[in-house]
Novice: 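This structure is in structure tokens; I'll ask about it shortly.
Residue numbers start at 1 and run along the sequence shown.
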Amino acid sequence: MCGRSSLTKTEKEIEERFHASFYSEELERYNPLPNYNVAPTHYHPVITNQDPDHIHLYRWGLIPFWSKDSKSGYKMINARLETLEEKPAFRNIVKTKRCLVPMDGFYEWKREGGRKLPYRIKAADQEIFSAAGLWEIWKDPEGNEIRSFSIITLQANEAVAPIHDRMPAMLIREQEHLWISNDIPVHELVEMLQPYPSDLTKIYRVSEMVNNVRENSPDLIDELE
């Protein structure tokens, strides 16, 4: 599971990294950057296969188009790689609605004694990396749209496994344009997703302040001695 992440870079840094631009009205509406403690229901940058030249802000927690209400998004922050082509919420959109989810780290908790201690996990070779994601459009009874996304997860690599058995489907840079391409068979894209190399994964302890979703300061990503 991936239930908390961070994206602490500026708008300009993200645009330069992905060669795509934000829509200013979305930034003014949601003002999500920087975010040291991204949580489900937060609006977060994504780059979709439908519009790869722009960075949109979608809500974390995918709401299937057929849902009766938006509450299902709380249960669909992640999509398991192993069942993507089986689950009703994902089996069609994995073919047509894929996205990149930029981040510069994510958090997992390890139980030690009676406490769950938070760790920050990031790519050692990328200041900003992306996870493979899926997106969807849901309309409420009044016709208002909510655009949402889910992060694909897979089996943890050897570095992350002592903390948690799952991790986001982190992409190496050469895979990013493939994941949001509309010209590659979906089974090839799904097979492409593998645990990020352990030797390129950095992990360190962080403050327990991150446990509180209302906390959002640079102190959250500092490494504890």
Novice: Counting C-beta onward and ignoring hydrogens, is there a side-chain heavy-atom pair between L193 and I152 closer than 4.5 Å?
Specialist: yes
Novice: Out of curiosity, E25 CD to L57 CG, how far, rounded to the nearest 0.5 Å?
Specialist: 10.0 Å
Novice: Any side-chain heavy-atom pair from N35 and H42 closer than 4.5 angstrom?
Specialist: yes
Novice: Compare every heavy atom of P118 with every heavy atom of S207, then report the nearest pair and how far apart it is.
Specialist: O-CG, 3.5 Å
Novice: Would you name the heavy atoms of R4 and V210 that are closest together and state the gap between them?
Specialist: NH1-O, 2.6 Å
Novice: Checking ring pair (Phe, Tyr, Trp, His ring centres under 6.0 Å) between Y30 and each of W60, Y43, Y58, which is the one that passes?
Specialist: Y43
Novice: Side-chain contact, heavy-atom cut-off 4.5 Å: N212 with N37?
Specialist: no
Novice: Check the pair N78, T153 against side-chain hydrogen bond (donor to acceptor under 3.5 Å, both in side chains), reporting the backbone distance first and the verdict last.
Specialist: CA-CA 6 Å; N78 294 156; T153 65; 5.0 Å; no
Novice: First locate atom NZ of K75, then atom OG of S67, and finally report the distance between them rounded to the nearest 0.5 Å.
Specialist: 10.0 Å
Novice: Between the side chain of H164 and the main-chain N/O of A161, is any donor-acceptor distance below 3.5 Å?
Specialist: no
Novice: I77 and C2: which non-hydrogen atoms are nearest, and at how many Å?
Specialist: CD1-O, 3.7 Å
Novice: Within the 4.5 Å heavy-atom criterion, are L62 and P64 side-chain neighbours or not?
Specialist: yes
Novice: Please check if the number of heavy atoms outside E215 that lie under 6.0 Å from its CD is greater than 12.
Specialist: yes
Novice: Without swapping roles, check the side chain of N49 against the backbone of R98 for a donor-acceptor pair under 3.5 Å.
Specialist: yes
Novice: Can you tell if the side chain of I121 reaches within under 4.5 Å of the side chain of V160, non-hydrogen atoms only?
Specialist: yes
Novice: Side chain to side chain contact (heavy atoms under 4.5 Å, CB included), that's the test. Do V46 and L100 meet it? Break it down for me.
Specialist: CA-CA 6 Å; V46 299; L100 305 177; over 6 Å; no
Novice: Hey, are the side chains of I128 and M103 touching, using non-hydrogen atoms and a 4.5 Å cut-off?
Specialist: no
Novice: Once rounded to the nearest 0.5 Å, what's the spacing between atom CD1 of I63 and atom NZ of K139?
Specialist: 14.0 Å
Novice: Checking L117 against E208 for the side chain to side chain contact (heavy atoms under 4.5 Å, CB included) test, could you report, in this order, the C-alpha distance in whole Å, the side-chain angles of both residues, the deciding distance, and whether it holds?
Specialist: CA-CA 7 Å; L117 303 179; E208 291 178 73; 4.0 Å; yes
Novice: To the nearest 0.5 Å, what is the distance between CD on E85 and CG on N92?
Specialist: 10.5 Å
Novice: Using only atom types and a distance under 3.5 Å, with no angle test, would you say the side chain of W179 pairs donor to acceptor with the backbone of C99?
Specialist: yes
Novice: Distance alone, cut at 3.5 Å: any donor-acceptor contact between the side chains of E176 and S130?
Specialist: yes
Novice: List the atom of L33, the atom of P45, and the distance in Å for their closest heavy-atom pair.
Specialist: CD2-CG, 4.3 Å
Novice: Would you say the side chain of K9 lies within less than 4.5 Å of the side chain of D104, judging by non-hydrogen atoms?
Specialist: yes
Novice: Can you see whether T83 engages E86 through a side-chain donor-acceptor pair at a distance of less than 3.5 angstrom?
Specialist: no
Novice: In sequence, state the C-alpha distance, the side-chain angles, and the governing distance for H56 and D51, and then conclude on side-chain hydrogen bond (donor to acceptor under 3.5 Å, both in side chains).
Specialist: CA-CA 9 Å; H56 292 273; D51 188 11; 3.0 Å; yes
Novice: Side chains of S6 and L220: does their closest heavy-atom pair fall under 4.5 Å?
Specialist: no
Novice: Carefully, step by step, assess I180 and Q50 under the rule side chain to side chain contact (heavy atoms under 4.5 Å, CB included).
Specialist: CA-CA 8 Å; I180 56 173; Q50 188 178 74; over 6 Å; no
Novice: Using modelled atom types and a 3.5 Å cut-off, is there a donor and acceptor pairing between side-chain atoms of T10 and backbone atoms of E13?
Specialist: yes
Novice: Among the clusters formed by ILVMFWY side chains lying less than 4.5 Å apart, do L224 and Y36 turn up in the same one?
Specialist: no
Novice: Which atoms form the tightest heavy-atom contact between P32 and L27, and what is the distance?
Specialist: CD-CD2, 4.1 Å
Novice: Do the side chains of F149 and F65 join up, straight or via other hydrophobic residues, at under 4.5 Å, putting them in one cluster?
Specialist: no
Novice: Which heavy atom of R91 sits nearest a heavy atom of V94, and at what distance?
Specialist: O-CG1, 3.5 Å
Novice: Salt-bridge test for E82 and R166: reply yes if a basic N is under 4.0 Å from a carboxylate O, no otherwise.
Specialist: yes
Novice: State plainly whether the residues R147 and E145 are in salt-bridge range, i.e. N to O under 4.0 Å.
Specialist: yes
Novice: Under 4.5 Å between side-chain heavy atoms, hopping through other hydrophobics if needed: is there a path connecting L134 to I184?
Specialist: yes
Novice: I'd like to know whether NZ of K95 has more than 12 heavy-atom contacts from other residues, nucleotides or ligands below 6.0 angstrom.
Specialist: no
Novice: Nearest 0.5 Å, what's the CD-CG distance between E26 and N31?
Specialist: 13.0 Å
Novice: Same hydrophobic cluster for I146 and Y23, using side-chain heavy-atom links shorter than 4.5 Å among ILVMFWY?
Specialist: no
Novice: Using modelled atom types only, decide if a donor and an acceptor are shared between the side chain of S150 and the backbone of G61 within a distance under 3.5 Å.
Specialist: no
Novice: Do I93 and V186 belong together in a cluster built from hydrophobic side chains that touch within less than 4.5 Å?
Specialist: yes
Novice: At what distance, to the nearest 0.5 angstrom, does NZ of K116 lie from CD of E108?
Specialist: 9.0 Å
Novice: Treating E15 as the side-chain partner and S21 as the backbone partner, does any N or O pair qualify as donor plus acceptor under 3.5 Å?
Specialist: no
Novice: Output every pair passing side-chain hydrogen bond (donor to acceptor under 3.5 Å, both in side chains) with a member in residues 188-206, not counting sequence neighbours, ordered by first then second residue.
Specialist: R120-Y204, D125-Y196, Q126-Y196, N157-T201
Novice: Would you sort out whether M209 and D219 count as a side chain to side chain contact (heavy atoms under 4.5 Å, CB included), showing the intermediate values?
Specialist: CA-CA 9 Å; M209 290 191 301; D219 297 340; 3.7 Å; yes
